[in-house]
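See structure below.
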Protein chains: 2
Amino acid sequence: MASLNVGSLGEYIREQRRHAQYSLRQLADAAGVSNPYLSQIERGLRKPSAEILQQIAKALRISAETLYVQAGILEEREEHGLGLRTAILADPLINERQKQALLAVYDTFLKENDVQQQAGDANTDPDEPQTLEENAQKGRISDGDR
Amino acid sequence: MASLNVGSLGEYIREQRRHAQYSLRQLADAAGVSNPYLSQIERGLRKPSAEILQQIAKALRISAETLYVQAGILEEREEHGLGLRTAILADPLINERQKQALLAVYDTFLKENDVQQQAGDANTDPDEPQTLEENAQKGRISDGDR
DNA sequence: GCAGGCTGCTTGCAATTGCAAGCAGGGCGA
DNA sequence: TCGCCCTGCTTGCAATTGCAAGCAGCCTGC
């Protein structure tokens with residue numbers, strides 16, 4: 001299943017290489033990959049692994065992220081709420097235990113909403129009161145909001 | 001040289017899977033990969049391709065970016081911190097009351113850390129930023145460790 | 001007891017990655 | 001004309017990915 005947009009990725013790499021005035025061998029050398037392989041990548045015949053992609057990005061002095069976006073394996077910039085989990089984990093202001101607590105609360109909310117939204121379905125994961133309790137204890141929230 | 005930090009990547013995936021209360025098979029199914037392969041990834045025996053990584057990220061509801069960072073194939077990009085607040089408010093999966101609750105917990109943690117400052121944890125040593133909003137904008141230092 | 005479900009792990013095996021070696025062709029100087 | 005160096009491409013082949021099938025252990029019910 002080619003969810004990887006290898007075609008445009010290859011074209012993009014070639015374009016960037018040309019733009020940097022590198023020959024195929026030069027870039028291959030700089031990236032630490034073989035030149036025939038780079039050739040095949042650029043023509044869309046091979047899907048480079050994450051590692052190779054990273055090396056190419058470094059050699060081209062472009063962000064690996066850009067390449068991943070081009071390859072269709074990274075969203076442009078995800079702010080769709082998938083990011084909340086990420087944001088929690090990435091936050092430098094709180095420690096690991098606190099992150100876990102926040103995540104636990106978040107998961108509790110998600111599960112809450114999930115149960116409410118989906119009325120009656122074959123549920124593989126029945127309600128687990130234990131975790132809910134645990135979460136509630138850690139993140140016991142003062143209901144009195146402003 | 002193995003620029004992929006497969007060990008920590010696997011651990012991280014396993015941790016996130018456990019946290020989401022998925023079994024190995026469940027996550028493997030959701031991600032569209034085989035369960036033995038996922039097992040091997042989690043134990044660091046295999047380096048998943050970019051495609052697989054992406055699918056796992058989707059199934060775990062975390063950003064692929066986070067996984068790439070964990071795998072050591074993407075630089076850590078930190079403009080978070082403020083982002084957590086924003087991310088909470090922007091998240092479409094939880095309602096307004098729940099957002100306020102999360103923010104309240106978050107604030108509690110921040111206050112906790114601010115009070116304790118040098119008392120508790122020996123491992124993580126944040127710079128105890130007080131005005132987190134302004135602070136988060138300037139680039140933070142990542143302790144180059146791994 | 002023991003059947004059925006779950007958990008994760010091990011084992012071959014096809015398909016793919018990624019590379020060393022070699023090929024075709026275009027300039028350019030002697 | 002012949003070398004020589006450059007460009008990119010093609011071709012086997014080892015190593016790796018990723019999977020189907022199967023195994024061992026642990027519960028829970030009968």
Side-chain angles (χ1 to χ4, degrees), chain A residues 1-7 9-60 64 67-68 71-73 122-131, chain B residues 1-7 9-60 64 67-68 71-73:
Chain A
M1 34 297 280
S3 78
L4 280 183
N5 198 346
V6 276
L9 171 67
E11 286 173 24
Y12 182 76
I13 291 179
R14 176 157 289 190
E15 188 182 315
Q16 291 304 308
R17 175 173 63 82
R18 290 256 146 89
H19 191 258
Q21 309 215 356
Y22 277 136
S23 79
L24 222 163
R25 258 168 247 258
Q26 279 177 322
L27 176 58
D29 208 49
V33 306
S34 70
N35 64 84
Y37 189 47
L38 181 56
S39 166
Q40 288 169 318
I41 290 174
E42 289 189 349
R43 282 176 298 144
L45 301 182
R46 292 278 214 275
K47 308 182 204 175
S49 73
E51 214 161 351
I52 300 285
L53 225 45
Q54 154 79 342
Q55 292 172 8
I56 292 175
K58 269 213 168 66
L60 274 176
L67 277 194
Y68 287 116
I73 54 186
N123 203 351
T124 55
D125 186 18
D127 278 7
E128 194 61 47
Q130 188 174 5
T131 34
Chain B
M1 46 212 68
S3 72
L4 278 184
N5 198 345
V6 277
L9 170 67
E11 286 172 24
Y12 182 76
I13 290 179
R14 174 157 290 190
E15 190 180 312
Q16 290 306 307
R17 173 173 67 78
R18 290 254 145 89
H19 191 260
Q21 308 211 7
Y22 277 136
S23 78
L24 224 164
R25 259 168 245 259
Q26 280 177 320
L27 176 58
D29 208 49
V33 307
S34 71
N35 66 83
Y37 189 47
L38 181 56
S39 166
Q40 288 169 317
I41 290 173
E42 289 189 351
R43 284 176 298 143
L45 302 181
R46 293 278 213 277
K47 306 182 204 175
S49 72
E51 215 161 350
I52 299 286
L53 226 46
Q54 155 80 341
Q55 292 172 9
I56 292 176
K58 270 211 167 67
L60 274 176
L67 278 193
Y68 287 116
I73 54 185

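Computed from heavy atoms alone, side chains included, the values below leave out hydrogens, waters and symmetry copies. Bear in mind that the values here come from a model prediction, so they are computed numbers and not experimental data.
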Taking for each residue the nucleotide of DNA chain C bearing the nearest heavy atom, is the 5' side occupied by A:Leu38 or by B:Arg14?
B:Arg14
Would you grab the first and last nucleotide of DNA chain C (5' to 3') that comes under 4.0 Å of any non-hydrogen atom in chain B?
C:dT7 to C:dT11
Whole-Å gap separating P (D:dG8) and CD (A:Glu11):
16 Å
Other residues, nucleotides, ligands: >12 heavy atoms within 6.0 Å of A:Tyr22 OH
no
Is there a donor-acceptor pair closer than 3.5 Å between any side-chain N or O of B:Glu15 and the backbone N or O of B:Tyr12?
no
Whether A:Glu11 and A:Arg43 form a salt bridge (side-chain N of Lys/Arg under 4.0 Å from carboxylate O of Asp/Glu) is what I want to check.
no
Using heavy-atom distances to pick each residue's nearest nucleotide on DNA chain C, tell me which of A:Tyr37 and B:Ser23 is more 5'.
B:Ser23
Contact nearer the 5' end of DNA chain D, comparing B:Asn35 with B:Ser49
B:Ser49
Tell me whether the OP1 or OP2 atom of D:dG8 has a side-chain N or O from A:Arg17 closer than 4.0 Å.
yes
Just by distance, do the side chain of B:Gln54 and the backbone of B:Glu51 share a donor-acceptor pair under 3.5 Å?
no
Would you say B:Arg46's side chain and B:Ile41's backbone share a donor-acceptor pair under 3.5 angstrom?
no
Distance check, rounded to the nearest 0.5 Å: A:Ser39 atom OG versus A:Arg14 atom CZ?
6.0 Å
